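Everything numeric here is computed off the predicted structure, so don't read it as measured data.
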Amino acid sequence: MLVYSSALDLSTRHLRILTNRLTAHRAARGTRWRRLSAGRQALLVLAHLRLGHTYARLAAGFEVGVSTVYRYITEAVGLLAVRAPDLVTAVTAASAKAFVILDGTLLPIDRIAADRPFYPGKHKRDGMNVQVIADPHGKLLWASSALPGAVHDIKAARTHGVIDALTEAGLACWADKGYPGAGGTARVPFCGRWDRLSTCQHAVNAAHARIRALGEQAMATLKTWRLLRKLRCSTTRITSHVQAVLTLHLTCSN
């Protein structure tokens with residue numbers, strides 16, 4: 001296999017934070033020797049998350065075995081995922097905001113068409129449903145655990161308790177037509193055929209769409225980590241990858 005150098009569009013802060021976590025973890029476990037240093041392991045993990053490089057490519061580039069790459073990535077992702085904020089923490093932090101934006105996204109996965117629970121009719125491809133909360137400026141605040149893609153957005157939000165948590169905090173929430181009858185503090189646009197809506201309803205929907213459009217920046221933040229554009233791992237591991245990305249984003253953007 002031919003090997004060449006590749007650029008990673010992340011700051012040194014990402015590398016430093018992950019390196020420090022891995023160094024502390026190794027010290028706590030009493031690890032004496034590893035094939036790669038904590039810094040090289042951190043670089044390997046960031047290349048996997050940010051660029052979506054496969055285990056085979058990383059093994060060739062870092063001159064280690066594929067099984068070693070798997071262990072290194074699993075270890076680092078686990079350390080990052082446990083530090084991701086839960087829903088209560090995120091809602092508490094967002095309580096000072098005027099409102100938040102709730103939306104769902106589909107993370108494509110490598111599955112066969114027969115796996116119906118992962119195949120939403122809307123997107124016409126297999127994937128996992130992840131709910132996202134963003135602030136009024138489109139900054140990513142929280143991402144949920146992953147559910148099968150066939151789960152509707154409103155059902156996913158209720159499963160995670162998002163609507164109830166926002167209502168208890170008295171925090172206004174703007175959501176799209178995927179959350180009909182959400183209730184609480186959730187605000188959704190008027191539904192129905194375009195020609196059956198009144199002029200006032202059209203105006204309200206247009207204003208609503210302008211506000212929600214900022215939430216797409218939070219989705220784009222997730223998708224800049226190319227691993228989440230096409231996940232090839234087991235569906236049971238996708239949540240930890242999403243939480244790891246969330247931790248890196250929040251830690252390095254503050």
Side-chain angles (χ1 to χ4, degrees), residues 81 84-109 116-192 204-205 207-223 225 228 231 235-236 238-247 249-250:
D86 57 16
L87 180 59
V88 175
T89 303
V91 171
T92 301
S95 59
K97 308 289 184 180
F99 61 88
V100 295
I101 302 171
L102 172 64
D103 203 353
T105 185
L106 185 79
L107 302 181
I109 60 174
R116 302 303 299 176
F118 303 97
Y119 187 83
K122 174 182 177 181
H123 298 279
K124 306 297 182 182
R125 59 180 177 180
D126 298 298
M128 299 292 285
N129 182 301
V130 173
Q131 299 295 299
V132 171
I133 294 178
D135 71 2
H137 301 288
K139 179 182 177 182
L140 179 63
L141 298 177
W142 175 79
S144 72
S145 56
L147 294 175
V151 177
H152 199 273
D153 280 340
I154 182 60
K155 182 178 179 180
R158 287 171 175 164
T159 300
H160 298 305
V162 179
I163 304 299
D164 291 339
L166 294 175
T167 301
E168 289 178 4
L171 189 57
C173 167
W174 297 81
D176 60 19
K177 294 180 180 180
Y179 302 86
T185 57
R187 299 292 180 265
V188 298
F190 290 102
C191 298
V204 170
N205 283 0
H208 193 282
R210 284 193 295 270
I211 295 175
R212 285 192 300 102
L214 297 174
E216 296 299 327
Q217 298 179 22
M219 301 300 183
T221 297
L222 282 179
K223 298 300 178 67
W225 299 81
L228 301 183
L231 288 153
T235 55
T236 60
I238 292 178
T239 294
S240 60
H241 283 78
V242 173
Q243 299 302 314
V245 168
L246 178 64
T247 298
H249 170 72
L250 294 179

Measure the NE2-CE distance between H241 and M128 for me, rounded to the nearest 0.5 Å.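 Between atom NE2 of H241 and atom CE of M128 there are 12.5 Å.
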
As an exercise, state the distance from CD of Q131 to CG of D103, rounded to the nearest 0.5 Å.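 Going from the CD atom of Q131 to the CG atom of D103 covers 7.5 Å.
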
Please check if the side chain of [X] supplies one atom and the backbone of [Y] the other of a donor-acceptor pair under 3.5 Å.
X: H208; Y: R187; answer: yes
X: T185; Y: G170; answer: no
X: D126; Y: I109; answer: no
X: T239; Y: A146; answer: yes
X: Q243; Y: A143; answer: yes

Exceeds 12 heavy-atom contacts within 6.0 angstrom, atom NZ of K155: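 No - once you tally the heavy atoms of other residues, nucleotides and ligands closer than 6.0 Å, there are 12 at most.
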
Which atom names give the shortest non-hydrogen contact between [X] and [Y], and what distance separates them?
X: N205; Y: P189; value: OD1-CB, 3.3 Å
X: A84; Y: L246; value: CB-CD2, 4.2 Å
X: I154; Y: P180; value: CG1-O, 4.0 Å
X: G215; Y: I101; value: N-CD1, 3.7 Å
X: A172; Y: A98; value: CB-O, 4.2 Å
X: G104; Y: D153; value: CA-OD1, 3.9 Å

Listing request: all side-chain hydrogen bond (donor to acceptor under 3.5 Å, both in side chains) pairs with a residue in residues 157-166, at least two apart in sequence or in separate chains.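 For residues 157-166: S144-H160.
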
Side chain to side chain contact (heavy atoms under 4.5 Å, CB included), paired with P85, selected from L87, V88, T89: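 Of all the options given, the one that passes is T89.
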
pair [X]-[Y]: side-chain heavy atoms closer than 4.5 Å:
X: N129; Y: H152; result: no
X: Y179; Y: D176; result: yes
X: L102; Y: I163; result: yes
X: T221; Y: H249; result: yes
X: W142; Y: V100; result: no

